[in-house]
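Just passing along the structure, written as structure tokens.
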Amino acid sequence: MGNENRIVNGLLKLHIALCLLFIFAPIAGSFVFSLNSDRFPSLPLGEFSTEWYRLIWEDPLVWQGFANTVVVGLTVAVIATLLGFGGAYTDFRYNFTGKSFYLALAMLPPTIPVVIMGLAMLAFLSRVNLSGTTISVIIAHGVMCSPFAMAIIRLRLSQMDPDLEAASWNMGGNQWQTLRYVIIPFAKPAIFAALFITMAVSFDEFAVAWFVSGLNETLPVKILGFLQGQVSPRINAIGSLAFLSSMTLIILAQLLLRSPEDKKS
Amino acid sequence: MKVNAEMEQQSEAIVKFDNVVKRFGNFTAVEKADFEIGRGEFLAIMGSSGCGKTTTLRMLAGLEDPTEGAIYLDGEKVNGKATWDRDTPMVWQSLALFPFLTVQENVEFALKMRGVGKEERRQRAEKWLEKMQITEFANRNINQLSGGQKQRVALARALVTEPKILLLDEPLSALDAHLKVRMQAVLSNLQKDLGITFVYVTHSMSEAFSMADRVVIMSRGQIEQIGTPEEIYREPYNRFVAEFLGSANIFDSVITGPSGSDGWKVDFEGGETSLSKDELPNAVQGQAVTFIVSAENMQLSAPDSGQPGILASVAGEEFIGGTAMVFLETETGHELKVQKSHDELSLLNLHAGSKVIVHWAPESCHILPGENL
């Protein structure tokens, strides 16, 4: 019995290790080769070099893509979190006929295949003369990210004692004061987590941005451009940096969501 | 003259429910609530869950609006007035303390909502923290407090605006028995000190009867009886109240004829007794009458004593402190309960199945007015 358990445990651990290896090996490889002086990714490794990082540092196109990504990411994070909060609070606060339909609709965007989403966005935005602008990327990413923000904030609000809101009203707080002094403080960790996660999603998103960004390409779209033109280890350097920034945002969000009760420690 | 009458009413009653009905869809939560609450009164609203007691309280707080009828608060009709425009703070069953604020910030909350300045807020909150003996926890988080301490914070938070009325929705239900009794004393003393009105919703008879000046008993949205604890205990209005209190034997009987000059002879399942004519001045022979005899007014005699009464057999016994509740069954299957001291019971040498004669004095009978209209 005990032996069997040990074997099963060992196999499960091996399985997890293989999964992690499968996921992280390409990223790790990209990271290693970004610091390798050779032009092509091959073994044995050449010398240690920060040459590729220096090249992207000096490339104005990379900077422009990065700037677009940051502008889009920040704006999308704020817009998506606002929309997500609105949706989550509506769900918490009100009951109305068709509410489940409304929620299903609000949760829908991430389930739509991105190519279809990108095409639809392109068709719509070009009809209203917004395609190929930074705003178009913001709109498209806003639609895609809001459900994530809503899911995170909704989860937090579902942990709230519904009496808290009524208690605030009962003690003289009108609906706006209650939102300001009770609902938002309670949801604050989730609101920040939603900001970071939506920013990370927007940072990484490629397909829809590729359809709608036109000349205002975000970094992932730029990377594809590089790859189509030439195979350069600069891709590895950019990829490593993008991975680090996304991971930072996700980890920040996870820390915020970890133990929301310990506000002051 | 009318104005005068209204003024007078204002000074006596702080709350008036005028035929208030509350429906949720097809479900009637409160049916024709019509009563007043006096200034400085400690009123308990008691009933089992779903009886409408909490809805009644929430209507008073302004968290629900009546479907019909009117609620007057301090002489003013408050139907439709938002809860944040009333000063009817509530202590919640869940306590509903804000977990993201400190104790002090929780207590200051109502003042902050009313735009009271920072310094005054602090001073007034400190006064209540002191009064509730929780000053030392002022800067703690809510989740660092014990149940009893949280209770005190909830009270301080509700009382900080110095309201004329405090609403309490089963505030002690989460506490253990020992703490419950202590908090009952705290609440009782607080209410006497402040002289303000307390409206206290509970399902616990011991809480209601030990603290309240008057008790409202509700069932299925209806008010069954309003009265002082003693009135309700001695003279329950109807079968529901008598059964709810649980310590009385209920008899459905028929008047069979006069008994002496001032009484009626009545027959019930398994025996007969007499009732005072005073309580039933308009009764006629053949009329049905429901009356109760409380368990401690029942007498027991040995079966061979020759005492007239009902022959019953012992079905069980329940220990209640210095006394015991003996459950009996008559030959017709009617259940009776008798509360007696252990000494008295030991003389009879009772055990399960043994026979005993049950009897009572006619003056121990109380006719249920609500069942004999």
Side-chain angles (χ1 to χ4, degrees), chain A residues 81 85 88-89 92-100 152-195 252-253 255-265, chain B residues 24-25 54 57-64 81-103 105-116 121 139-144 153-154 156-161 163 165-171 174:
Chain A
T81 303
F85 178 81
Y89 182 63
F92 169 77
R93 179 75 182 74
Y94 299 102
N95 268 317
F96 48 89
T97 37
K99 180 169 157 180
S100 48
I152 294 165
I153 298 170
R154 196 162 157 244
L155 182 69
R156 175 68 179 149
L157 287 180
S158 73
Q159 295 161 355
M160 183 164 135
D161 174 2
D163 285 348
L164 286 190
E165 196 181 30
S168 165
W169 299 334
N170 177 244
M171 283 185 295
N174 62 31
Q175 279 160 311
W176 284 113
Q177 284 176 310
T178 299
L179 194 65
R180 159 97 176 68
Y181 292 108
V182 175
I183 306 290
I184 290 177
F186 186 88
K188 203 160 75 183
I191 290 173
F192 277 104
L195 280 172
L252 278 175
L255 285 177
L256 280 167
L257 290 175
R258 190 191 39 167
S259 52
E261 288 311 326
D262 308 336
K263 193 192 103 191
K264 295 160 189 161
S265 50
Chain B
F24 296 104
T54 297
L57 194 76
R58 288 174 67 92
M59 283 195 283
L60 187 50
L63 294 162
E64 306 283 354
K81 190 175 181 181
T83 182
W84 48 84
D85 291 327
R86 306 181 186 194
D87 197 10
T88 49
M90 188 152 147
V91 178
W92 302 71
Q93 183 170 16
S94 66
L95 296 184
L97 296 171
F98 301 122
F100 44 85
L101 299 179
T102 63
V103 168
E105 287 165 336
N106 262 284
V107 176
E108 284 182 17
F109 190 85
L111 298 173
K112 189 171 178 178
M113 293 302 108
R114 285 170 170 76
V116 175
R121 272 201 325 250
N139 294 315
R140 291 234 190 135
N141 265 358
I142 295 304
N143 51 21
Q144 293 172 292
V153 177
R157 186 180 72 165
L159 288 166
V160 75
T161 58
I165 185 166
L166 180 70
L167 312 180
L168 303 107
D169 184 13
E170 308 219 21

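In what follows, chains carry the letters A, B, and so on, assigned in the order in which the sequence lines appear, proteins first and then strands, with residues in each chain numbered from 1. Values below: all heavy atoms of this structure, side chains included; hydrogens, waters and symmetry mates excluded. Bear in mind that the values here come from a model prediction, so they are computed numbers and not experimental data.
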Next on the checklist: Between A:Asp161 and chain B, with a heavy-atom cut-off of 4.5 Å, which part of the residue counts as in contact: side chain, backbone, both or neither?
Outcome noted: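 A:Asp161 touches chain B through side-chain heavy atoms alone.
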Item to check | Taking every non-hydrogen atom, the tightest pair across A:Asp163 and B:Ser94 | outcome: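 Reported closest heavy-atom pair: OD2-OG, 2.8 Å.
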Item to check | B:Ala82, part contacting chain A, at a heavy-atom distance under 4.5 Å | outcome: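 Neither; nothing under 4.5 Å.
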Checklist entry - Is it the backbone or the side chain of B:Leu97 that comes under 4.5 Å from a heavy atom of chain A, or both, or neither? => result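 Backbone only.
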Checklist entry - Under the side-chain contact (heavy atoms from CB on, under 4.5 Å) criterion, do B:Phe109 and A:Tyr181 qualify, and how do the steps go? => result CA-CA 9 Å; B:Phe109 190 85; A:Tyr181 292 108; 4.0 Å; yes
Next on the checklist: If the condition is salt bridge (Lys or Arg N to Asp or Glu O under 4.0 Å), which residues does B:Arg86 pass it with, not counting sequence neighbours?
Outcome noted: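 Per chain and number, B:Arg86 pairs via salt bridge (Lys or Arg N to Asp or Glu O under 4.0 Å) with no residue.
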Next on the checklist: If we ignore hydrogens and angles and just use 3.5 Å, is the side chain of B:Arg114 paired with the main-chain N or O of A:Met171 as donor and acceptor?
Outcome noted: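 Answer holds: yes.
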Next on the checklist: List the residues meeting side chain to side chain donor-acceptor pair (under 3.5 Å) with B:Lys81, not counting sequence neighbours, and say none if there are none.
Outcome noted: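 Here the qualifying residues are B:Glu76.
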Checklist entry - Of all heavy-atom pairs between B:Arg157 and A:Ala167, which one has the smallest distance, and what is that distance? => result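 Between these two residues, the closest heavy atoms are NH2-CB, 4.0 Å.
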Item to check | Derivation and outcome, side-chain contact (heavy atoms from CB on, under 4.5 Å), residues A:Ser168 and B:Trp84 | outcome: CA-CA 8 Å; A:Ser168 165; B:Trp84 48 84; over 6 Å; no
Item to check | A:Thr178 versus chain B, the contacting section by heavy-atom distance below 4.5 Å | outcome: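 It is neither, since no heavy atom gets under 4.5 Å.
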Checklist entry - So does A:Phe192 have more than 12 non-hydrogen atoms from other groups sitting under 6.0 Å from CZ? => result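 No, because the 6.0 Å sphere around CZ of A:Phe192 holds 12 heavy atoms or fewer from other groups.
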Item to check | For the student: nearest non-hydrogen atoms of B:Thr88 and A:Asn170, plus distance | outcome: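 Shortest heavy-atom contact: O-ND2, 2.9 Å.
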Next on the checklist: Looking at every non-hydrogen atom in both residues, tell me the closest pair between A:Trp169 and B:Leu63 and how far apart they are.
Outcome noted: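 That would be CE3-CD2, 4.4 Å.
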Next on the checklist: To the closest 0.5 Å, what do you measure between CZ (B:Phe100) and CE (A:Met160)?
Outcome noted: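 Between B:Phe100 CZ and A:Met160 CE, I get 7.0 Å after rounding to 0.5 Å.
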